[in-house]
Amino acid sequence: MRVLRDAARVRVAWKNGGGVTRSIAAHPDGAGTGDFQWRVSLADVGEGGPFSGFPGVDRILTVVEGAGMDLTVGGRRRLVDEPFVPQRFPGDDPTDCRLLGGPVVNFNVMFRRGCPEPSVAVVRGELSVVGPALIVALDAPADVAGVRLARYDAVRTGGCVTPLRAAGHTAVVTLPT
């Protein structure tokens, strides 16, 4: 089990100046935006505008702070205004964003098509997480096998059964093996 603290993450400003990305984990370890199989991050979105395109990649985006976004994905409107509800869409479709009520924070999982896919669930309460996973506390502390997570801290688990107690919304990303 590996603990990944939010305070240790590097914040990378977007080229368009509209936000900042905090990478949580990727496979293979250390992979950049061009060579990951899967990637998990937080995005602080301060301004509307176009999303970066990722050919051959799907996104699962979950709004975790703010009023949400009005997206246009591949020419179709997609309202993303319910917090903690994962939304999946193609990362290579042209996507434009209008913020609904100011800045938002998004939890993002991106993965290459044709590779084994991760799954994303936002949970609360007590449960057992089976298999390799990335667990991220989203709005309140969580306890993972005795490790206390503050908001946006994460734990990457191995192939065992891992107990989780989530005081608030917590993302469980089941990782492909």
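Just so it is clear, the values below take in all heavy atoms, side chains as well, and ignore hydrogens, waters and symmetry mates. This one's a predicted model, so the numbers in the text were calculated from it and none came from an experiment. Note that the numbering runs from 1 along the sequence shown for the chain.
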Given side-chain contact (heavy atoms from CB on, under 4.5 Å), test Asp96 with Leu71 step by step and report yes or no.
-> CA-CA 6 Å; Asp96 195 64; Leu71 300 180; over 6 Å; no
Could you go step by step and tell me if His169 and Val123 meet the side-chain contact (heavy atoms from CB on, under 4.5 Å) rule?
-> CA-CA 6 Å; His169 297 91; Val123 301; over 6 Å; no
Going through the checks in order, is the side-chain contact (heavy atoms from CB on, under 4.5 Å) test met by Val20 and Val12?
-> CA-CA 5 Å; Val20 174; Val12 178; 5.7 Å; no
Decide salt bridge (charged side-chain N to carboxylate O under 4.0 Å, His left out) for Arg11 and Asp6; before the verdict, give the C-alpha distance in whole Å, the side-chain angles of both, and the deciding distance to 0.1 Å.
-> CA-CA 10 Å; Arg11 275 108 170 115; Asp6 183 55; 3.3 Å; yes
For Arg156 and Asp29, run salt bridge (charged side-chain N to carboxylate O under 4.0 Å, His left out): C-alpha distance rounded to whole Å, both residues' side-chain angles, the deciding distance at 0.1 Å, then the answer.
-> CA-CA 12 Å; Arg156 188 165 172 185; Asp29 284 340; 3.1 Å; yes
Candidate pair Phe54 and Arg112, rule side-chain contact (heavy atoms from CB on, under 4.5 Å), full reasoning = CA-CA 9 Å; Phe54 288 91; Arg112 300 234 176 256; 5.8 Å; no
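In terms of hydrophobic clustering, with Ile, Leu, Val, Met, Phe, Trp and Tyr side chains grouped at heavy-atom distances under 4.5 Å, Val122 and Val136 are assigned to a common cluster. Grouping the Ile, Leu, Val, Met, Phe, Trp and Tyr side chains by contacts below 4.5 angstrom, directly or via other members, places Ile135 apart from Val173. When the side chains of ILVMFWY residues are joined at heavy-atom separations under 4.5 Å, either directly or via intervening members, Val57 and Val120 end up in two distinct hydrophobic clusters. Connection of Leu79 to Phe84 is not established within any shared hydrophobic cluster, with ILVMFWY side chains joined at heavy-atom distances below 4.5 Å, either directly or through further cluster members. Met110 and Leu134 fall into different hydrophobic clusters, where Ile, Leu, Val, Met, Phe, Trp and Tyr side chains are chained together by heavy-atom contacts under 4.5 Å.
A donor-acceptor pair under 3.5 Å links the side-chain atoms of Arg151 to the main chain of Leu138, judged by distance alone. Using a distance-only test at 3.5 Å, with no hydrogens or angles considered, a donor-acceptor pair links the side chain of Arg9 to the main chain of Leu4. Although no hydrogens or angles enter the test, the distance criterion places no donor-acceptor pair under 3.5 Å between the side chain of Asp70 and the main chain of Arg98. With Asp153 contributing its side chain and Ala150 its backbone, the two residues share a donor-acceptor pair below 3.5 Å. The closest donor-acceptor contact from the side chain of Arg59 to the backbone of Arg88 lies at 3.5 Å or more, if one exists at all.
In this structure, Asp92 pairs ionically with Arg113, as a charged nitrogen and a carboxylate oxygen lie closer than 4.0 Å.
Looking at Arg5 and Leu149, their side chains come closer than 4.5 Å, going by heavy atoms from C-beta outward. Side-chain contact between Ile60 and Phe107 is absent, with no heavy atoms from C-beta onward closer than 4.5 Å. Residues Leu42 and Thr21 form no side-chain contact, since every pair of their non-hydrogen atoms from C-beta on lies 4.5 Å or further apart. With a 4.5 Å cut-off on side-chain heavy atoms, Thr95 and Arg78 do not count as touching. Two residues are said to be in side-chain contact when any heavy atoms from C-beta on lie closer than 4.5 Å; Val63 and Leu61 meet this criterion. Annotation: side chain of Trp38 is in contact with side chain of Pro176 (closest heavy-atom distance under 4.5 Å). Within the 4.5 Å cutoff, no side-chain heavy atoms of Val64 are placed close to those of Pro83. For the pair Met1/Val144, a side-chain contact is recorded, criterion being any heavy-atom separation below 4.5 Å from C-beta on.
Rounded to the nearest 0.5 Å, atoms CE (Met69) and SG (Cys97) are 5.0 Å apart. To the nearest 0.5 Å, the span separating CZ on Arg22 from CG on Asn108 amounts to 11.0 Å.
The aromatic rings of Phe89 and Phe51 are tilted relative to each other, their planes meeting at an angle between 30° and 60°.
Note that Arg39 lies outside the cation-pi zone of Phe111, set by a 6.0 Å cut-off to the ring centre and a 45° limit from the axis.
In this structure, Arg165 places its CZ atom where only 12 or fewer heavy-atom neighbours from other residues, nucleotides or ligands lie under 6.0 Å away.
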